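I have placed the structure first, in the form of structure tokens, so that the comments after it can refer back to it.
Please read these numbers as outputs of a predicted model, since none were measured by experiment.
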Amino acid sequence: MDVLWITAHPEPRSLNGFLAEEGLRALRAAGHEVEVSDLHAMGWNPVVDIADYAHDAAERFQVAPAAERALDSGALSADIRAEQEKIDRADTIVVQFPMWWFGMPAILKGWFDRVWHRGYAYGLRGPGGQWLGYGDGFLAGKRALVVVTTGGPAWSYGGRGIHGAVEELLFPLQHGTLFYAGARVLPPVVVHGADRFTPEEGGHAADALRERLLAMPTTEPIPYRTRRGGDYDGNLVLRPDVVPGSTGLGAHLA
């Protein structure tokens, strides 16, 4: 595998830092190529700005078309283009972060905001002119794995837990970002109760992570329904005969 590992924790001595170190070591020992985007170590700028796209400040700043024009003209900010080149080289993407306020830390959200722009990650058409997305796209043929820690215990993130089911909390990233871009999204690695971990528990979590990482080439992806698979109508709404009466995020699983 050619792996791009994106991590977003400010403390390398944290559980996240330990898991990243152990995971990277396991992949490299198994002969896989790995590139790392440690966003804090890089001093990544998470804020979209006109400087990213060499945009004329006298003109109204419309982010999506400005980004697409900058990509096409070669004016895109060098840090954004460097991350895109890492994505292009990879066949597998690992996104690792602590869950803060039910989502990604701001620095990681800002990585997606700046790197995942129109003309590169969306707004694309296939050879037949069809719009790409939800099952096909610029990540087609690549795999993606989310590795996330939570402060709360596992039962509080269950189907009836007060925090909500972790699969639903990760839906915007896994389905709306990675699967939308065409990746085959693998079931996530979720480490609960991270704030209370002992060194022994950290070792067990690292063992489980290593096992999941080395199995990525053969792991079955989450069975999301594809945009062009026949389950959706022209308005991208599930047809009445598809899981009739079912609503919510789970209806988009085949």
Would you say [X]'s side chain and [Y]'s backbone share a donor-acceptor pair under 3.5 angstrom?
X      : Y      : value
Arg89  : Leu4   : no
Asp56  : Ala58  : yes
Arg196 : Gly152 : no

Just grab all the side chain to side chain donor-acceptor pair (under 3.5 Å) pairs involving [range], residues at least two apart or on different chains.
range            : answer
residues 103-116 : Asp52-Arg114, Asp79-Arg114, Glu83-Trp111, Lys109-Asp113
residues 129-145 : Asp136-Arg228
residues 118-129 : Glu68-Arg118, Asp88-Tyr120

Does atom [atom1] ([X]) have a neighbourhood of more than 12 heavy atoms from anything else shown, all under 6.0 Å?
X      : atom1 : answer
Glu11  : CD    : yes
Glu85  : CD    : yes
Arg160 : CZ    : no
Glu35  : CD    : yes
Trp155 : CH2   : no
Ile162 : CD1   : no

TODO: Would you mind telling me which of Asp91, Thr177, Ile93 makes a side-chain contact (heavy atoms from CB on, under 4.5 Å) with Leu139?
DONE: Ile93
Open item on the list: Applying ring pair (Phe, Tyr, Trp, His ring centres under 6.0 Å) as the test, list every pair that has at least one member in residues 191-221; sequence neighbours left out.
Closed with: Tyr157-His192
Which residues satisfy the side-chain contact (heavy atoms from CB on, under 4.5 Å) test with [X], sequence neighbours excluded?
X      : result
Glu21  : Arg25
Ala165 : Glu167, Glu168
Asp241 : Arg239
Leu124 : Leu132, Phe138

Open item on the list: Which residues end up grouped with Val243 if you chain together Ile, Leu, Val, Met, Phe, Trp and Tyr wherever their side-chain heavy atoms are less than 4.5 Å apart?
Closed with: Tyr232, Leu238, Val242
Task: Partner set under side-chain hydrogen bond (donor to acceptor under 3.5 Å, both in side chains) for Asn16, not counting sequence neighbours - done: Gln96, Thr149
Open item on the list: My understanding is that only residues two or more places apart in sequence, or in another chain, count here; which of them pass side-chain hydrogen bond (donor to acceptor under 3.5 Å, both in side chains) with Glu59?
Closed with: none
Task: Criterion side-chain contact (heavy atoms from CB on, under 4.5 Å) on Thr92 and His32, from CA distance to verdict - done: CA-CA 10 Å; Thr92 304; His32 302 294; over 6 Å; no
Side chains of residues 181-190: which donor-acceptor pairs under 3.5 Å do they make with residues two or more places apart or in other chains?
{"residue": "Arg184", "atom": "NH2", "partner": "Gly141", "partner atom": "O", "Å": "2.9"}

Open item on the list: Ring-plane angle category for Tyr53 and Phe61, please: parallel below 30°, perpendicular beyond 60°, tilted otherwise.
Closed with: tilted
